Amino acid sequence: MALEHAILVSLLEKPGSGYELARRFERSIGYFWTASHQQIYRVLSRMEADGRLVVREVEQQGRPDKKEYSVAGPGRATLAEWLHKPIEPESLRHDLAVKIRGAAFDDPAALVREVERHRQVHRDRLAHYLAGEVRDFTGPEAPGPPDAGQELQHVVLRGGIAYERMTIAWLDDVLDTLHRLAGPPTGAGV
């Protein structure tokens, strides 16, 4: 997937400024596809220049006008073409997994703190996802019956929730293994 596809999806869900789009990447899309503000603005400019996006100036009170981007016909065609092409299943590239295997040649206990840090990051992300699910889909403040877009957003979010739960369970297993391999603390029973 190219950044342009993620931008097209986001702008079809809701038109917005470059700043608003960058915020969406930080809050939701960024968990699946990351991009810096500079990358987003560069791609927006290119997509506007080639006619896949249209821009309208939005007047603001007490601030400079902003550009609001939306998807033009050629942008919809680009996304439709991409949606109909097969993609390769993603392969897992995981630096931490290589470190864990490498611990066999050093002190496995030395990785405990790093694995605990990763586990906390995934716990925090899971909590964020679960809060978003309640806010946007299952809680009392959630909008009424979902439309197709909301249903598809929710299924992607559920995939993220399942992934985080699986990763936390795996990291718990890694920690159990590291602790077992490290053996009892030095001086125990003395």
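Keep in mind the model is a prediction, meaning the values are calculated, not measured.
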Seminar exercise, completed: Sequence neighbours excluded, the answer for side-chain hydrogen bond (donor to acceptor under 3.5 Å, both in side chains) partners of R113 is none
Problem set entry | Contacts of type side-chain hydrogen bond (donor to acceptor under 3.5 Å, both in side chains), residue R76, not counting sequence neighbours | none
For this session: Please assess S70 against V54 for the test side chain to side chain contact (heavy atoms under 4.5 Å, CB included), listing each intermediate value before the final yes or no.
Result: CA-CA 5 Å; S70 60; V54 292; 3.0 Å; yes
For residues [X] and [Y], report the shortest heavy-atom separation together with the two atoms involved.
X	Y	value
L152	V155	O-CG1, 3.2 Å
K14	R24	O-NH1, 2.6 Å
A72	G51	CB-O, 3.4 Å
P146	E151	CG-OE2, 3.4 Å
Q150	P145	OE1-O, 4.0 Å

Does a side-chain heavy-atom distance below 4.5 Å link [X] with [Y]?
X	Y	result
V115	L178	yes
F25	I40	yes
L53	L8	yes
E4	I7	no
L83	H5	no
K66	E59	no

For this session: Measure from the ring center of W170 to the ring center of H122 and say whether it is less than 6.0 Å.
Result: no
Quick one: [atom1] on [X] to [atom2] on [Y], what's the gap to the nearest 0.5 Å?
X	Y	atom1	atom2	answer
T177	L171	OG1	CG	11.0 Å
K67	Y69	NZ	OH	4.5 Å
R101	K99	CZ	NZ	16.0 Å
L130	L126	CG	CG	4.5 Å
R42	L3	CZ	CG	9.0 Å
T167	R123	OG1	CZ	13.0 Å

Exercise. If you draw a 6.0 Å radius around CD in E141, do more than 12 non-hydrogen atoms from other residues or ligands fall strictly inside?
Worked result: no
Problem set entry | Other residues, nucleotides, ligands: >12 heavy atoms within 6.0 Å of E57 CD | yes
Shared hydrophobic cluster, [X] / [Y] (ILVMFWY, side-chain heavy atoms < 4.5 Å):
X	Y	value
L11	V58	no
I168	V121	no
M166	I100	no

Are the side chain of [X] and the backbone N or O of [Y] linked by a donor-acceptor pair below 3.5 Å?
X	Y	value
S10	A6	no
Q120	R117	no
E20	S17	yes
Y19	H37	no

Exercise. Who are the salt bridge (Lys or Arg N to Asp or Glu O under 4.0 Å) partners of E81, not counting sequence neighbours?
Worked result: K85
For this session: With side chain to side chain contact (heavy atoms under 4.5 Å, CB included) as the test, would you mind laying out the steps for D172 and R119 before giving the verdict?
Result: CA-CA 8 Å; D172 287 340; R119 183 176 59 178; 2.8 Å; yes
Exercise. Going by distance alone, is a donor N or O of one side chain under 3.5 Å from an acceptor N or O of the other, for H118 and E114?
Worked result: yes
Exercise. Passes side chain to side chain contact (heavy atoms under 4.5 Å, CB included), Q153 versus L157? Steps please.
Worked result: CA-CA 6 Å; Q153 288 173 5; L157 178 61; over 6 Å; no
Problem set entry | Steps toward side chain to side chain contact (heavy atoms under 4.5 Å, CB included) verdict (E13, V9) | CA-CA 6 Å; E13 289 175 346; V9 169; 3.8 Å; yes
